[in-house]
Amino acid sequence: MNDKFLKPYNPAETESRIYKLWEESGFFAPEAHPSVASAKADNPENLPIAESSKLKAKSFSMVMPPPNVTGVLHMGHALMLTLEDIMVRFARMQGKKTLWVPGTDHAAIATQAVVEKEIYKKEGKNRHDLGREEFLKRVETFAAQSHKTITSQIRVMGASCDWSREAFTLDEKRTEAVRSMFKMMYDDGLIYRGHRIVNWDPKGQTTISDDEIVYREEKTVFYYFTYGPFTIGTSRPETKFGDKYVVMHPDDTRYAEYTDGQKIELEWINGPITATVVKDTAIDMEFGSGVMTITPWHDTADFEIAERHKLDKEQIIDERGKLLPIAGEFAGLKIADAREKVVEKLRAKGLVVKEEPYTHNLATAERTGGTIEPQIKLQWFVDVNKPVKARGGKTLKELMREPVAGGKIKIIPEHFEKTYFHWIDNLRDWCISRQIWYGHRIPVWYKKHGIDTEQEHGTNTEMFVGIEPPQGDGWEQDPDTLDTWFSSGLWTFSTLGWPSSAETATAGKPGPESDLANFHPTDVLETGYEILFFWVARMILMSQYALGVIPFKTVYLHGTVRDAKGRKMSKSLGNGIDPIDIAQKFGADAARMTLIVGNTPGTDMRISEEKIRGYKHFANKLWNIARFILENTSSSPSHLLRGGIEGGEDDAIVHGDEKKLLDEQQNLLEEVTRDMEEYRFYLAAEKLYHYTWHTLADRILEESKTVLKNGTPEEKKRRMQFLLHTLDTLLKALHPFIPFVTEEIWGLMGNKELLMVQEWPVATNS
RNA sequence: GGGCGGUUAGCUCAGUUGGUAGAGCGUCUCGUUGACGUCGAGAAGGUCAGAGGUUCGAACCCUCUACCGCCCACCA
């Protein structure tokens, strides 16, 4: 027996050494990367398991949700890595050709916001002070540093991913993919440019998507003003300057005497105006006075009414949140200041009817906290309702909905499918342009042939959409960048060689030897439920559209990791538990076990250091079990003892007590295997934990003490065979969950091959 | 306003197709230092949120109610 067993298990001394061993073995890579002829990554056929397994031809693939290069990993990442690594190690031990592609996400707006904040804090400068080029340099430096930290942290957690295929959402290959996709969608008429009302974040100076909005409850005042013969209600007096349409429901008997299109002279904020009556069913007769004026430039609902009736739209507020000249004496004022002053003036004019307290939800930007000010802007959109010829005339919405509705994609837990459908059914066109600098610049170039009347590009501008910049002089690239989810939507196939591998193929089918052919669709997509819409839906959209296939067969959604009190872990609360810290203190195995046991999919979980400490003890318990077994079997030649279990000349073990114990063990393993195949890792882990501690250690080892002391030579031998066999088996079964300590023990037992590529102890169907 | 989830032992949570409730931690008692930087044996502790229904039988299925949480939403 190795002397190491005389001391308690020491994860800190063990884990990094073991990871290195794995990484250098080349077994993380299922086969040579098409573009990398690394000596370490070209030996899949040497996988001991691949030789013997009937499942040799099967593959298992998964892409890692790329962590944002905004800093460091948190517990949520640790959970993700653990779950995925369990699936991957399980598949590998089943003899499947297993690929797990790691990567990181440039996370456009999130990363830019972090760097901007940092620069402002240190130097008091904003990005415009630095200029685009210099600023991007800073972001890239930060991202590179962050990338380095993150990839080393992924290793700490024990993730057995294929580093030879690592990707970044903003690297060269992914850029090619993004541009190809943009062009493809543009050529299909799915991407268009238009004046639409968008969510403008005055603080971040950019457009954001509907999904990046968070609503905050705000107490304000609801005003009733006299507007000619009407009383109108509003919570936003400062936008009312341009209001020249007064809208009511066509069925409202109170206003039956007014007709659609009727002109009315009335006194308003800055003097007399002519208002036009509009009848529209969007009006809620019950709310306020049943009459409102509209501000199409700064309100989504108003914009839609204006579109329906072809009304004029005027901008009242500028991009910085200040009033424009249309506001007369109030021009240049900030919204908050203007509000009071406008009310004051109206009050002086005797036009204020009443004021009442009012609570509503204020839209704010998730990243910057700025109050969203809707604006009409020229933006790029993805049309989700336009039939796609190449896909049988189905719309993107339908392409997203169908595979989930038809069961081709299974979401775990199932109830999220409802949420998914609800989201899709309410989906509007996706605004993909962002006025930020960090990200994929929109692959569109403009050339002016004259002066346009508008500040933006108009009819005198030629436009070029392509993968490479156009030839010739005078072309200028669109200054905007793409929504980060546009590039992450391609992740399942942009990481597997699309579009270049697709080009070499015929009839739209990827070349036979490419990663795309071998590994796409991927098997599982594992991620947090909070990005079901952002990401999962977009991946389905992109893959269904571009390749005509689903991106993955199963979506496993995990919950949020919370602190012991159930609060979200956050920097501002300072209640975060650093997974790397934990791994150093208790071992990555302990952290993994804590994150898995009892953690059902889609449900939030709480963790605390005490919990993790408990699982550190588990690793040590296993360590001592091994020590006991090795100590008590070392007197006999181990090859003799091991031979017995498989039958052979000496099949003593299948008799007597050991037979019962073996059956019990086999039943447990079959149950665990079923749990693994059906994604109940929380149960599998718990059952193995329980068996190890309370069946093997507490019961079997205790009984064995007597047998080994007082039994006949035959009984002793049988018992030793059983114990060694059990240790072998249990190490294999526990390996996906606690890979480090099991690999370490396995090695100390004198095994030459790595545990990570041993065959799973139970035959499986999948 | 719409949708979804939760409510099970002091705490954190399981309970896979309905068969009179389980784990971890904690608490209490006893025992252990020749596998165990400790471990073991045992104990206490739950009318499974409430009400009604289906069933031979319900934590689990159906209806309603209460409370908590989350997501979505353009009521000016």
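Note on naming: letters A, B, ... go to the chains in the order of the sequence lines (proteins, then strands), and numbering restarts at 1 for each one. Predicted model, so just to flag it, every value in this text is computed and none were measured.
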Please enumerate all residues that pass ring pair (Phe, Tyr, Trp, His ring centres under 6.0 Å) together with [X], with sequence neighbours excluded.
X      : answer
A:H309 : none
A:F230 : A:Y255, A:Y258
A:F534 : A:W485
A:H690 : A:H694

Sequence-distant partners of [X], salt bridge (charged side-chain N to carboxylate O under 4.0 Å, His left out), two or more places apart:
X      : answer
A:K585 : A:E609
A:K354 : A:E356
A:E702 : A:K705

RNA chain B stem ranges, 3 or more consecutive Watson-Crick or G-U pairs under 3.5 angstrom: B:1-7 with B:66-72, B:10-13 with B:22-25, B:27-31 with B:39-43, B:49-53 with B:61-65
Which part of the nucleic acid, if any, lies within reach of [X] when heavy atoms closer than 4.0 Å are counted: base, sugar-phosphate only, or nothing?
X      : value
A:T295 : nothing
A:H298 : nothing
A:S608 : nothing

d([atom1], [X]; [atom2], [N]) in whole Å:
X      : N     : atom1 : atom2 : value
A:N599 : B:C13 : CG    : P     : 10 Å
A:Y689 : B:C13 : OH    : C1'   : 14 Å
A:R613 : B:C25 : CZ    : C1'   : 12 Å
A:K418 : B:G2  : NZ    : P     : 17 Å
A:K687 : B:U16 : NZ    : P     : 10 Å
A:E671 : B:A23 : CD    : P     : 15 Å
A:K616 : B:G37 : NZ    : P     : 11 Å
A:D563 : B:C11 : CG    : C1'   : 14 Å

Measure from the ring center of A:H558 to the ring center of A:Y556 and say whether it is less than 6.0 Å. no
What about the rings of A:W623 and A:F5, do their centers lie closer together than 6.0 Å? yes
Could you check A:H415 against A:E610 and say which one's nearest nucleotide on RNA chain B is further toward the 5' end? A:H415
Each nucleotide in nucleotides 26-36 of chain B should get exactly one letter: B, S or -. Can you fill that in based on protein heavy atoms under 4.0 Å? ---------BB
Within the 4.0 Å limit for protein heavy atoms, which parts of nucleotides 70-76 of chain B are touched? Write it as a string from 5' to 3', B for base, S for sugar-phosphate only, - for none. -SSBBBB
Does atom NZ (A:K553) have a neighbourhood of more than 12 heavy atoms from anything else shown, all under 6.0 Å? yes
Quick check on A:E340: does its CD atom have over 12 non-hydrogen neighbours (other residues, nucleotides or ligands) under 6.0 Å away? no
Does A:R680 have a side-chain nitrogen or oxygen under 4.0 Å from the phosphate oxygens OP1 or OP2 of B:U16? no
Roughly how far, to the nearest 0.5 Å, is the CG atom of A:L724 from the CG atom of A:D728? 7.0 Å
For A:D425, the side chain to side chain donor-acceptor pair (under 3.5 Å) test, sequence neighbours excluded, returns A:R401
Under 4.0 Å, heavy atom to any atom of RNA chain B: which of residues 587-595 of chain A qualify? none
Could you measure between the two C1' atoms, the one in B:C68 and the one in B:A49, and give it in whole Å? 11 Å
Are a donor atom and an acceptor atom from the side chains of A:T673 and A:W760 found within less than 3.5 Å of each other? yes
